[in-house]
Amino acid sequence: MERIVIVGASLAGLNAAETLRAEGFDGDIEIIGDEPNLPYDRPPLSKQLLTGEWDLERLPLRPDDELAALNLAFRTGTAAQALDLDAKLVRLDDGESTPFDGLIIATGARALSLPFGRDLEGVHTLRSISDAGRIRDDVARGGPLVVIGAGFIGAEVASSATARGLDVTMVEAQSGPMLGPLGSELSEWARGLHADAGVDMRFDTSVSALLGGTRVESVELSDGTRLAADSVVVGIGVRPNVEWLADSGLTIGDGVICDQYCRAAPGVFAAGDVARWPNGLFGPFAYADPQRTMRIEHWTNAVEQGMAAARNLLLESRGQPLEPFSPVPYFWSDQHGLSIMASGLTSPRDQYQLVHGSLKDNRFTALYGLRGYLTGVVSVSWPRMLRRYQSMIRDRTTWTEALETAREIES
Ligand SMILES: Cc1cc2nc3c(=O)[nH]c(=O)nc-3n(C[C@H](O)[C@H](O)[C@H](O)COP(=O)(O)OP(=O)(O)OC[C@H]3O[C@@H](n4cnc5c(N)ncnc54)[C@H](O)[C@@H]3O)c2cc1C
């Protein structure tokens with residue numbers, strides 16, 4: 001294998017490239033990215049960048065000299081348009097094609113927008129550095145800001161804009177913030193957190209129109225209420241960037257469908273927000289259907305899966321056995337000065353129990369169980385506890401054993 005192409009010049013792609021070099025691959029590595037930038041970090045876009053603590057210069061994932069030392073050929077501002085597996089070519093939107101012996105797909109996901117109001121000034125989604133720059137400029141206008149969607153991105157934007165002194169209203173179709181990933185008990189806690197910080201919240205409510213002339217002026221809700229808005233951030237989820245692979249012959253569903261080694265086809269691996277794979281750690285005991293796959297939209301997974309995909313590509317090329325990718329997923333979200341950390345699967349769940357601390361003190365650890373096993377943990381302001389239960393999830397601890405451990409810690 002002499003030449004590896006990575007499509008997607010961001011977190012998963014960069015970590016894959018670094019791993020290829022660290023594991024001794026000294027052939028050509030080309031990284032194709034449709035954004036004009038070299039790899040940068042997305043989590044600060046909804047946090048430090050919006051609060052004004054950081055400026056754009058702090059976002060690159062690696063300093064220039066570190067990137068240069070990796071000897072990578074970046075082709076930025078260029079989108080992959082198609083994959084020809086037989087010819088081993090990626091076709092690009094500048095009319096050129098680039099050949100590969102090995103391919104890593106790391107095209108991530110993009111933010112969904114509403115089917116209306118997209119052309120109004122002041123209406124945003126948040127995925128890229130340019131989105132964040134526009135939102136930051138609009139936040140500086142002073143508001144009011146309406147955030148549509150109370151998932152992690154929406155809740156973080158609401159938190160950051162409130163910290164800047166804006167009047168913020170968060171609108172959500174479900175009955176609470178982050179209800180899917182946290183469950184009803186911690187969603188209720190998060191609702192209190194946002195209320196205490198002064199965020200106005202409308203739940204069980206959808207948006208029927210965004211109104212204005214050239215710039216958005218108000219948001220019309222399904223109950224007929226109109227909320228005044230100088231700007232709007234839509235945070236209603238993401239979709240994996242797979243369209244360019246439509247005719248490739250790869251299996252595409254909600255993401256690039258891979259096997260347990262992150263392999264989509266011989267010589268072709270996928271990683272990060274775009275990859276869907278069966279995580280063997282959860283399959284055998286947590287799901288009725290052992291083939292059930294997961295696609296994770298979080299930072300740590302993009303790092304770890306980028307590394308795993310690169311390693312397995314090299315192992316395959318050397319005819320060695322591949323290593324299953326079976327992590328305990330982890331993410332964090334910063335809101336109103338608190339760090340919400342979660343690991344494993346918190347949904348679906350059969351059991352939920354708060355085991356340490358208290359919701360009212362904003363310092364606690366809660367466990368989630370499925371089919372008799374500990375499968376997830378959420379911890380606020382208590383990283384040590386998170387790590388402890390994370391390793392118990394990795395060890396396939398039963399729900400009963402996990403509760404016993406919690407009791408021992410408390411006694
Ligand atoms: C505002 C924000 C805040 C976040 N905060 C957190 C957080 O607090 N904690 C956490 O765990 N996670 C967080 N995340 C999620 C985390 O940033 C992502 O999981 C991570 O960026 C995924 O990395 P990736 O490389 O798989 O995909 P991406 O970072 O999406 O990168 C994919 C790249 O591929 C490019 N691309 C797409 N299609 C093509 C194509 N056809 N040709 C060429 N290039 C293409 C994209 O433009 C992009 O540059 C946040 C994300 C956002 C947007």
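Counting convention: from 1, in listed order, for ligands and their atoms alike.
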For Ala402 and Thr397 the tightest heavy-atom approach is N-CG2, 3.9 Å

Between Leu370 and Thr375, which heavy-atom pair has the shortest distance, and what is it? N-OG1, 3.6 Å

Do you see a donor-acceptor pair shorter than 3.5 Å between the side chains of [X] and [Y]?
X: Thr205; Y: Glu172; answer: no
X: Asp350; Y: Trp399; answer: no
X: Thr398; Y: Glu401; answer: yes
X: Gln390; Y: Ser343; answer: yes
X: Gln335; Y: Ser333; answer: yes
X: Arg226; Y: Ser218; answer: no
X: Thr98; Y: Glu30; answer: yes

So is [X] touching ligand 1 or not, going by heavy atoms under 4.0 Å?
X: Glu156; result: yes
X: Thr78; result: yes
X: Glu243; result: no

On a heavy-atom basis, I'd like to know which of Arg42, Arg127, Arg110 is closest to atom 48 (C) of ligand 1. Arg42

Taking atom 7 (C) of ligand 1 as the point of reference, which of Tyr330, Trp299, Tyr40, Trp332 owns the nearest heavy atom? Trp332

Which atoms of ligand 1 are found less than 4.0 Å from any heavy atom of [X]?
X: Val7; result: 42 (N), 43 (C)
X: Gly33; result: 43 (C), 44 (N)
X: Gly272; result: 26 (O)
X: Leu11; result: 23 (O), 25 (O)
X: Phe331; result: 11 (O)
X: Ser10; result: 25 (O), 28 (P), 29 (O), 31 (O), 32 (C), 33 (C)
X: Leu126; result: 1 (C), 53 (C)
X: Glu297; result: 15 (C), 19 (O)

Identity and separation of the nearest protein heavy atom to [atom]:
atom: atom 4 (C) of ligand 1; result: Pro43 CA, 3.5 Å
atom: atom 8 (O) of ligand 1; result: Lys47 NZ, 2.6 Å
atom: atom 22 (C) of ligand 1; result: Asp273 OD1, 3.2 Å
atom: atom 37 (C) of ligand 1; result: Thr107 O, 3.2 Å
atom: atom 41 (N) of ligand 1; result: Ala80 O, 3.0 Å
atom: atom 27 (O) of ligand 1; result: Gly108 CA, 3.3 Å
atom: atom 49 (O) of ligand 1; result: Glu35 OE2, 2.5 Å
atom: atom 25 (O) of ligand 1; result: Ala12 N, 2.9 Å

Taking 4.0 Å as the limit for heavy-atom contacts, which would you say applies to [X] with ligand 1: side chain only, backbone only, both, or neither?
X: Ile153; result: side chain
X: Asp34; result: both
X: Gln81; result: neither
X: Ala109; result: backbone

For ligand 1, find out whether one of its N or O atoms is nearer than 3.5 Å to an N or O atom of [X].
X: Ser46; answer: no
X: Thr300; answer: no
X: Gly13; answer: no
X: Ala302; answer: no

Are the ring centres of Tyr261 and Phe269 closer than 6.0 Å? no

Are Trp382 and Phe364 near enough that their ring centres are under 6.0 Å apart? no

Are there over 12 heavy-atom neighbours, none belonging to Glu2, within less than 6.0 Å of that residue's CD? no

Flag if over 12 foreign heavy atoms under 6.0 Å of CG, Asp196: yes

Given Glu243 and Arg110, is the salt bridge (charged side-chain N to carboxylate O under 4.0 Å, His left out) satisfied, shown in steps? CA-CA 12 Å; Glu243 289 72 8; Arg110 63 180 179 281; 2.8 Å; yes

Donor-acceptor contact below 3.5 Å, side chain Ser317 vs main chain Leu314: yes

Audit row: Asp28, Phe100, side chain to side chain contact (heavy atoms under 4.5 Å, CB included) steps and yes/no: CA-CA 9 Å; Asp28 293 341; Phe100 62 84; over 6 Å; no

For the pair Asp131 and Arg127, find out whether any cationic side-chain nitrogen is under 4.0 Å from an anionic carboxylate oxygen. no

